[in-house]
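Okay, structure first, notes after.
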Amino acid sequence: MTPKIRVKAFGIFKHKAQFLFSKHYDTTQQGYFVRPLGGSVEFQEHSQDALVREIQEEIDAVITQPELLQVVEDFFEHRGRAYHDIVFLYQARFVDETLYQQPRINCQELDGTIFQAYWLSLDEIKEKQYRIVPKGLEDILTKLTTG
């Protein structure tokens, strides 16, 4: 497969001192990583629209007030393959306020893959030694927590 640059849109959802993350196991680094919900931007789709669509697809939720925080570039290896991502990071809110009360949210990819998202604080993530992706996101979250 020819390497290519991927464009992603991720949503930062904050409740008190916690953020919503999906958790995944990295066989390359033999440990867990967490990342915000979201996914790929399709051809001729605005990144903000991609975020709205991805959240609707993954957890059947409507978001409001998406605000672009930053764009980051990430190079990494996963499952033996090299990746190069351009990631649009948006802070947003859920219309359905009950999502902030659920400790775990069931998610589903279009291909049927099931996964969970969890509300985690930065302290919990450090304590469990999870890696936060994409690179640079931890600094952004720290500013959101202290600012």
Side-chain angles (χ1 to χ4, degrees), residues 1 3-43 45 47-66 68-142 144-145:
M1 177 189 270
K4 62 180 179 176
I5 296 173
R6 304 183 312 172
V7 179
K8 302 284 187 174
F10 291 156
I12 309 299
F13 298 94
K14 184 175 183 266
H15 179 63
K16 298 180 182 173
Q18 294 181 314
F19 298 93
L20 188 63
F21 289 103
S22 60
K23 181 176 80 169
H24 309 273
Y25 189 75
D26 183 343
T27 56
T28 303
Q29 295 193 20
Q30 299 293 305
Y32 285 96
F33 67 92
V34 293
R35 73 166 186 85
L37 297 182
S40 295
V41 177
E42 296 176 357
F43 184 70
E45 179 181 39
S47 60
Q48 182 175 311
D49 296 334
L51 176 63
V52 169
R53 176 184 50 75
E54 284 285 341
I55 299 302
Q56 179 70 45
E57 290 172 359
E58 290 179 350
I59 63 171
D60 195 26
V62 177
I63 66 171
T64 186
Q65 304 168 351
L68 182 63
L69 295 174
Q70 192 166 331
V71 178
V72 296
E73 191 168 16
D74 194 13
F75 303 92
F76 60 98
E77 188 175 308
H78 182 63
R79 296 181 178 156
R81 290 182 52 203
Y83 290 89
H84 179 180
D85 287 353
I86 307 295
V87 184
F88 291 82
L89 296 168
Y90 287 90
Q91 185 171 19
R93 302 261 330 142
F94 291 116
V95 170
D96 180 359
E97 295 281 330
T98 65
L99 290 169
Y100 296 103
Q101 309 309 317
Q102 299 177 26
R104 181 180 68 215
I105 298 173
N106 292 320
C107 309
Q108 184 171 350
E109 295 285 1
L110 282 179
D111 68 4
T113 303
I114 304 289
F115 63 99
Q116 275 75 46
Y118 305 88
W119 292 102
L120 299 168
S121 69
L122 292 178
D123 289 339
E124 290 171 294
I125 291 168
K126 287 177 188 172
E127 179 182 303
K128 295 179 185 208
Q129 299 181 347
Y130 297 156
R131 187 169 38 92
I132 299 173
V133 299
K135 290 177 185 152
L137 178 56
E138 186 171 357
D139 293 338
I140 295 165
L141 298 178
T142 299
L144 289 174
T145 303

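Values below: every heavy atom of this structure, side chains too, minus hydrogens, waters and symmetry copies.
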Q.
Set out, in order, the CA-CA distance, both residues' side-chain angles and the distance that settles side chain to side chain contact (heavy atoms under 4.5 Å, CB included) for Val41 and Ile86, then state yes or no.
A. CA-CA 10 Å; Val41 177; Ile86 307 295; over 6 Å; no
Q. Going through the checks in order, is the side chain to side chain contact (heavy atoms under 4.5 Å, CB included) test met by Ile55 and Phe13?
A. CA-CA 11 Å; Ile55 299 302; Phe13 298 94; 3.9 Å; yes
Q: Check the pair Tyr83 / Asp74 against side chain to side chain contact (heavy atoms under 4.5 Å, CB included), numbers first and verdict last.
A: CA-CA 8 Å; Tyr83 290 89; Asp74 194 13; over 6 Å; no
Kindly give the heavy-atom pair with the smallest separation between [X] and [Y], and that separation in Å.
X: Pro36; Y: Phe21; answer: N-CD2, 3.8 Å
X: Lys8; Y: Ser40; answer: NZ-OG, 3.0 Å
X: Ala9; Y: Ser47; answer: CB-O, 3.4 Å
X: Leu89; Y: Leu68; answer: O-CD1, 3.6 Å

Q: Going by the side-chain contact (heavy atoms from CB on, under 4.5 Å) test, name the single residue among Lys4, Arg6, Glu73 that passes it with His84.
A: Glu73
**Q.** Gln30 CD: over 12 foreign heavy atoms closer than 6.0 Å
**A.** yes
Q | Tyr32 OH: over 12 foreign heavy atoms closer than 6.0 Å | A |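 Not more than 12 within 6.0 Å, no.
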Q: Assign the ring pair Phe94 / Trp119 to parallel, tilted or perpendicular, where the plane angle (0 to 90°) is split at 30° and 60°.
A: perpendicular
Q. Are the side chains of Glu58 and Gln108 in touch, meaning some heavy atoms are under 4.5 Å apart?
A.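 They are not in contact (no side-chain heavy atoms under 4.5 Å apart), so the answer is no.
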Q.
Can you confirm whether Tyr100 sits close enough to Leu20 that some side-chain heavy atom of one is under 4.5 Å from a side-chain heavy atom of the other?
A.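 They are not in side-chain contact.
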Gap between atom [atom2] of [Y] and atom [atom1] of [X] - 0.5 Å precision:
X: Lys135; Y: Phe76; atom1: NZ; atom2: CZ; value: 8.5 Å
X: Ile63; Y: Leu37; atom1: CD1; atom2: CG; value: 10.0 Å
X: Ile132; Y: Phe33; atom1: CD1; atom2: CZ; value: 12.5 Å
X: Gln102; Y: Arg104; atom1: CD; atom2: CZ; value: 10.0 Å
X: Glu138; Y: Tyr130; atom1: CD; atom2: OH; value: 14.5 Å
X: Asp49; Y: Glu54; atom1: CG; atom2: CD; value: 12.0 Å

Q. Could you walk me through whether Leu99 and Ile105 pass the side chain to side chain contact (heavy atoms under 4.5 Å, CB included) check?
A. CA-CA 8 Å; Leu99 290 169; Ile105 298 173; 4.1 Å; yes
Q: Report yes or no: do Asp111 and Thr113 form a side-chain donor-acceptor pair below 3.5 Å?
A: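 Asp111 vs Thr113: donor-acceptor pair found between side chains.
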Q | Trace of the side-chain hydrogen bond (donor to acceptor under 3.5 Å, both in side chains) decision for Asp96 with Thr98 | A | CA-CA 5 Å; Asp96 180 359; Thr98 65; 2.5 Å; yes
Check whether any side-chain N or O of [X] sits under 3.5 Å from a backbone N or O of [Y] as a donor-acceptor pair, and report yes or no.
X: Tyr90; Y: Gln48; answer: yes
X: Gln18; Y: His15; answer: no
X: Lys14; Y: Lys16; answer: yes
X: Asp85; Y: Val87; answer: no

Q: Cation-pi check, Lys23 to Tyr118: give yes when NZ or CZ is under 6.0 Å from the six-membered ring centre and within 45° of the ring axis, no otherwise.
A: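 Lys23 over Tyr118 ring: yes.
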Q. Between Arg53 and Glu57, is the closest basic N to carboxylate O distance under 4.0 Å?
A. yes
